[in-house]
Amino acid sequence: MVIDEEVLLKNTAVVKEYKAGQIIFSENSLPKYYFQIKSGLVKLNTYREDGSEFIHSLPSKGHCFAETFLWSDMPYCINAEAVIDTIIIKVLKDDFMNMVDQNKNLMQNLLKHNAERMFYRHKMLATLSINNPSQRIYKVLQFLKDYHQITEPFKFLVPFSRQQIANLTALRVETVIRNVKKLEQEDLVRISEGRIYL
């Protein structure tokens with residue numbers, strides 16, 4: 001976890017439950033809270049003009065999200081939505097800034113977390129530039145497997161639906177379905193009961 005939950009709770013944090021599909025914040029709203037996930041999964045996304053969705057990231061238990069917006073007066077340029085029932089620890093912006101100002105270690109933890117996220121984002125951007133859809137899908141899934149530090153073949157259960165993979169890779173869901181089958185034929189992934197293993 002980025003910041004110990006007890007530290008947050010001692011500094012005016014509140015715990016809020018969000019149901020699957022519930023909006024945490026919307027694009028163009030102003031940042032008012034530090035958010036850290038106690039349990040569940042959140043998607044940070046944007047919608048294109050044609051109504052299609054692009055998922056920027058899927059933070060989960062122990063991760064914070066959108067905290068960098070607290071250091072500016074700019075509105076969010078993304079949405080945050082609970083993917084499954086999710087519990088989030090929230091701290092008001094002013095209280096969070098006071099907490100960070102008084103504790104150098106908290107800032108170090110945030111900077112480390114942001115460095116790891118920047119690494120992820122740059123890797124994902126490079127992957128999204130791959131023109132071959134099956135290779136793009138495979139590289140994204142391989143990156144997720146590496147992130148979870150699973151090395152054995154076909155032991156990583158991909159935690160996303162075909163639609164979520166499409167949203168992550170900027171591909172159509174039909175393209176994902178077709179190319180996942182192709183990856184299975186090439187013995188790069190296994191499919192069992194509709195779930196993808198890498």
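For clarity, every value in this text was computed on a predicted model and none was experimentally measured. Start at 1 with the first residue, then count along the sequence.
Between atom NZ of residue K139 and atom NZ of residue K123 there is a gap of 8.0 Å, rounded to the nearest 0.5 Å. Of the inter-residue distances, the one linking T127 atom OG1 with L168 atom CG reads 11.0 Å to the nearest 0.5 angstrom. In this structure, the separation between CG on L128 and CZ on R136 is 6.0 Å, given to the nearest 0.5 Å. Here CE of M107 is found 10.5 Å from CE of M99. Values are rounded to the nearest 0.5 Å. The line from CD1 of I196 to NZ of K181 is 11.0 Å long, rounded to the nearest 0.5 Å. Separating the OG atom in S134 from the CD atom in E184 is a distance of 13.5 Å, to the nearest 0.5 Å.
Linking Ile, Leu, Val, Met, Phe, Trp and Tyr whenever their side-chain heavy atoms come within less than 4.5 Å leaves I177 and V140 in two separate clusters. In the hydrophobic clustering of ILVMFWY residues, with side-chain heavy atoms under 4.5 Å counting as a link, V83 and F65 come out apart. Y18 and L58 are not part of a single hydrophobic cluster, where members link through side-chain heavy atoms under 4.5 Å apart. Neither I24 nor I55 shares a network with the other; the hydrophobic side chains, linked directly or stepwise wherever heavy atoms of I, L, V, M, F, W or Y lie under 4.5 Å apart, form separate groups for each. Grouping the Ile, Leu, Val, Met, Phe, Trp and Tyr side chains by contacts below 4.5 angstrom, directly or via other members, places L144 apart from Y197.
For the pair F69 and I78, the minimum side-chain heavy-atom distance is below 4.5 Å. By the 4.5 Å heavy-atom criterion applied to side chains, Y76 and P31 are counted as neighbours. For the pair N98 and N11, the minimum side-chain heavy-atom distance is 4.5 Å or more. In this structure, the side chains of L198 and Q142 come closer than 4.5 Å at one or more pairs of heavy atoms. Residues I87 and V15 meet the side-chain proximity criterion, which asks for heavy atoms closer than 4.5 Å. Residues S161 and V173 have side chains not in contact (no heavy-atom distance under 4.5 Å, counting atoms from C-beta outward). A heavy-atom distance below 4.5 Å is not found between the side chains of I130 and Y138. Using a 4.5 Å heavy-atom cutoff, the side chains of K182 and L188 are not in contact.
Under a cut-off of 6.0 angstrom, the local environment of CD in Q149 is sparse, with at most 12 non-hydrogen atoms contributed by other residues, nucleotides or ligands. Counting heavy-atom neighbours within 6.0 Å of N131 CG, excluding the residue itself, gives a total of 12 or less. Crowding of D73 atom CG: a count of heavy atoms from other residues, nucleotides or ligands under 6.0 Å not exceeding 12.
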Does the side chain to side chain contact (heavy atoms under 4.5 Å, CB included) test come out yes or no for V180 and I137, once each step is laid out? CA-CA 8 Å; V180 165; I137 293 164; 4.3 Å; yes
Before giving the answer on side chain to side chain contact (heavy atoms under 4.5 Å, CB included), spell out for D85 and E17 the whole-Å C-alpha distance, their side-chain angles and the decisive distance to 0.1 Å. CA-CA 7 Å; D85 290 354; E17 294 182 32; over 6 Å; no
Report the C-alpha distance between E193 and R195 in whole Å, list the side-chain angles of each, state the deciding distance to 0.1 Å, and finish with yes or no for salt bridge (charged side-chain N to carboxylate O under 4.0 Å, His left out). CA-CA 6 Å; E193 297 178 5; R195 305 303 302 268; over 6 Å; no
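Of all non-hydrogen atoms in V91 and A13, the two that sit nearest each other are CG2-CB, 3.6 Å. Closest approach of F54 and N167 over heavy atoms only: CD1-O, 3.5 Å.
Classified by interplanar angle (parallel below 30°, tilted 30° to 60°, perpendicular above 60°), the ring pair H63/H113 is tilted.
N179 places a side-chain N or O within 3.5 Å of a backbone atom of T175 that can act as its donor or acceptor partner. Side-chain atoms of S52 never come within 3.5 Å of backbone atoms of R48 as a donor-acceptor pair (strictly under, hydrogens ignored).
With salt bridges taken as basic N to acidic carboxylate O contacts below 4.0 Å, one links E116 and K112.
Qualifying side-chain contact (heavy atoms from CB on, under 4.5 Å) partners for D187, counting only residues two or more places apart in sequence or in other chains: F154, R190.
With E67 as the fixed residue, the salt bridge (Lys or Arg N to Asp or Glu O under 4.0 Å) test singles out one of R117, K90, K93: R117.
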When the side chains of residues 32-45 are checked against the rest of the protein, which donor-acceptor pairs come out under 3.5 Å, sequence neighbours left out?
residue, atom, partner, partner atom, Å
Y34, OH, Q36, OE1, 2.5
Q36, OE1, I3, N, 3.2
Q36, NE2, I3, O, 2.6
K38, NZ, E5, OE1, 2.9
K43, NZ, E53, OE1, 3.4
K43, NZ, E53, OE2, 2.8
N45, OD1, N79, ND2, 3.3
N45, ND2, Y47, OH, 3.3
N45, ND2, E53, OE2, 2.5

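The hydrophobic cluster containing L125, built from Ile/Leu/Val/Met/Phe/Trp/Tyr side-chain heavy atoms closer than 4.5 Å, comprises no other residue.
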